[in-house]
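Data first, discussion second: the structure below is written as structure tokens.
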There are 2 protein chains.
Amino acid sequence: MKKDELRSDCPINYALEYLGDKWTLLIIRDLIFEGKQFYKEFLTSKEGIATNILSDRLKKLEAQGIVVSQVYEKQRTQKIYQLTQKGRDLIPLLVEAIIWSAKYKQGLNVSDEFIAKLASDKEQVITAIEAHIGTDTFSANRAQP
Amino acid sequence: MKKDELRSDCPINYALEYLGDKWTLLIIRDLIFEGKQFYKEFLTSKEGIATNILSDRLKKLEAQGIVVSQVYEKQRTQKIYQLTQKGRDLIPLLVEAIIWSAKYKQGLNVSDEFIAKLASDKEQVITAIEAHIGTDTFSANRAQP
DNA sequence: CTGTATCCTTAGGGATACTG
DNA sequence: CAGTATCCCTAAGGATACAG
């Protein structure tokens, strides 16, 4: 199969081909839930991504329009990575993944409060997550890289 | 990394490790949306899964409690595969994948009506999908394998 | 520090023959 | 027909050195 050629026109297959490797969604997770925006920050994730893989995935995510990068003005040797709307629209999918995993696997790092909140008003939670991605309020809580 | 050993306790990572290959979710898709229940039926999917891969994935899905199999009484040389509740609980995740893909990729095989229905009452659609999985009404519409 | 390139190993997967 | 086993090849990914 050539790249850029889908195996089928099935929407699930499409998502799988673009997101269904072991790293891509973890980067998106970091952008959404961890507020990470810099190369080095992604490198520090628990799962331990290699530099070449990270570099490759960031490039692909940008090519697919899920992420945009720009020079970080306060530190012009660095780039800042941010989700596009296409990327933010993956929040519901990730939320469903969290719900499913939390339901069926003990000992994962998910707070009961978060699950309870989702159960009572999922839409509101998703909206709230989306709203505070990349805002100053949010960034202010993060250590500078 | 040894198998059976998660890279992290992140719920998204968990889902990824169990579902994040190029075939597993397609089998689950066939069980949910195509009403497929027999080995041969999965083999006929558009993406063209190989027999060894299918065999391997069915075994893993059963080991994980996402699928159960039993002898098909009407034809005792065959087994019938069905989703457990753990498997049916993946419907929302698949639905979100469909929504996302349909929004950002033209030409996929998704009806506008389906998307419209989802937009107006997602929960109801999910309930309806779950309700008719494996029912006789549903199976009756299928050709026997 | 942000990447990129290289080297090397392994796991995933396709084709296909085969067994019950 | 259901499922397994084998062979083989490629792509994914880890380690690490290197460049801007």
Side-chain angles (χ1 to χ4, degrees), chain A residues 1-5 7-8 13 16-27 30-31 36-63 67-82 142-145, chain B residues 1-5 7-8 13 16-27 30-31 36-63 67-82 142-145:
Chain A
M1 173 181 33
K2 281 187 257 158
K3 51 181 178 179
D4 276 53
E5 196 173 291
R7 292 182 294 185
S8 75
N13 181 58
L16 234 30
E17 300 217 15
Y18 282 102
L19 309 169
D21 72 289
K22 299 278 186 195
W23 291 111
T24 299
L25 278 183
L26 294 182
I27 295 172
D30 285 351
L31 283 157
K36 297 186 177 180
Q37 297 181 308
F38 296 92
Y39 188 87
K40 189 193 177 177
E41 295 180 302
F42 299 116
L43 277 183
T44 65
S45 290
K46 291 187 296 292
E47 292 86 7
I49 191 169
T51 58
N52 54 342
I53 310 286
L54 175 58
S55 176
D56 176 76
R57 294 305 188 280
L58 286 171
K59 240 183 300 181
K60 284 181 178 165
L61 283 170
E62 208 168 349
V67 157
V68 283
S69 72
Q70 61 191 103
V71 172
Y72 182 52
E73 285 303 329
K74 298 180 185 172
Q75 186 91 40
R76 298 187 53 86
T77 62
Q78 301 183 214
K79 274 164 104 177
I80 184 163
Y81 293 91
Q82 290 175 304
R142 297 171 40 253
Q144 289 305 314
Chain B
M1 172 179 38
K2 282 186 256 158
K3 51 182 177 179
D4 277 53
E5 197 173 291
R7 292 182 294 187
S8 75
N13 181 59
L16 234 28
E17 300 217 14
Y18 283 103
L19 310 169
D21 72 288
K22 297 279 187 195
W23 291 110
T24 299
L25 277 183
L26 295 182
I27 295 173
D30 285 351
L31 283 158
K36 297 187 178 180
Q37 298 181 308
F38 295 92
Y39 188 87
K40 189 194 177 177
E41 293 180 303
F42 299 116
L43 277 183
T44 65
S45 291
K46 292 187 295 293
E47 292 86 6
I49 191 169
T51 58
N52 55 342
I53 310 285
L54 175 57
S55 177
D56 176 77
R57 291 307 186 281
L58 286 172
K59 241 183 299 182
K60 284 182 179 166
L61 284 170
E62 209 169 347
V67 157
V68 283
S69 71
Q70 61 191 101
V71 171
Y72 182 52
E73 287 303 327
K74 297 179 185 173
Q75 186 90 39
R76 299 186 53 85
T77 62
Q78 299 184 215
K79 274 164 104 180
I80 183 163
Y81 294 90
Q82 290 175 303
R142 297 169 41 251
Q144 289 306 313

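Quick note on labels: first sequence line is chain A, next is B, and so on, each numbered from 1.
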What contact category does [X] fall into here, base, sugar-phosphate, or nothing, at under 4.0 angstrom with non-hydrogen atoms?
X	result
B/Thr77	sugar-phosphate
A/Asn52	base
B/Phe42	nothing

*Would a distance-only check, ignoring hydrogens and angles, find a side-chain to backbone donor-acceptor pair under 3.5 Å from A/Glu41 to A/Phe38?*
yes
*Does the B/Lys79 side chain pair with the main chain of B/Val71, one donor and one acceptor, at a distance under 3.5 Å?*
no
Of the candidate nucleotides [options], which contains the atom at the shortest distance from the side chain of [X]?
X	options	value
B/Ile53	C/dG14, D/dA2, C/dT4	C/dG14
A/Thr51	D/dG3, D/dC1, D/dA17	D/dA17
B/Lys40	D/dT4, D/dC1, C/dT2	D/dC1

In whole angstroms, how far is the [atom2] atom of [N] from the [atom1] atom of [X]?
X	N	atom1	atom2	answer
B/Lys74	D/dC1	NZ	P	19 Å
A/Leu16	D/dA12	CG	P	13 Å
A/Glu41	C/dG3	CD	P	12 Å
B/Asp21	C/dA11	CG	P	15 Å
A/Ile49	D/dG14	CD1	C1'	11 Å

_Is it the case that the side chains of A/Thr24 and A/Asp21 hold a donor-acceptor pair, with the cut-off being a distance below 3.5 Å and no angle test?_
yes
_Residue-phosphate contact under 4.0 Å: A/Tyr39 side-chain N/O, C/dT4 OP1/OP2_ = no
*asked:* At less than 4.0 Å, is any side-chain N or O atom of B/Gln78 found next to OP1 or OP2 of D/dC1? Yes or no.
replied: no
*Start at the 5' end of DNA chain C and walk down; is the nucleotide closest to A/Leu58 or to A/Lys22 reached first?*
A/Leu58
_Run the side-chain contact (heavy atoms from CB on, under 4.5 Å) test on B/Trp23 and B/Leu54 for me, step by step, so that the C-alpha distance in whole Å, both residues' side-chain angles and the decisive distance to 0.1 Å come before the verdict._
CA-CA 8 Å; B/Trp23 291 110; B/Leu54 175 57; over 6 Å; no
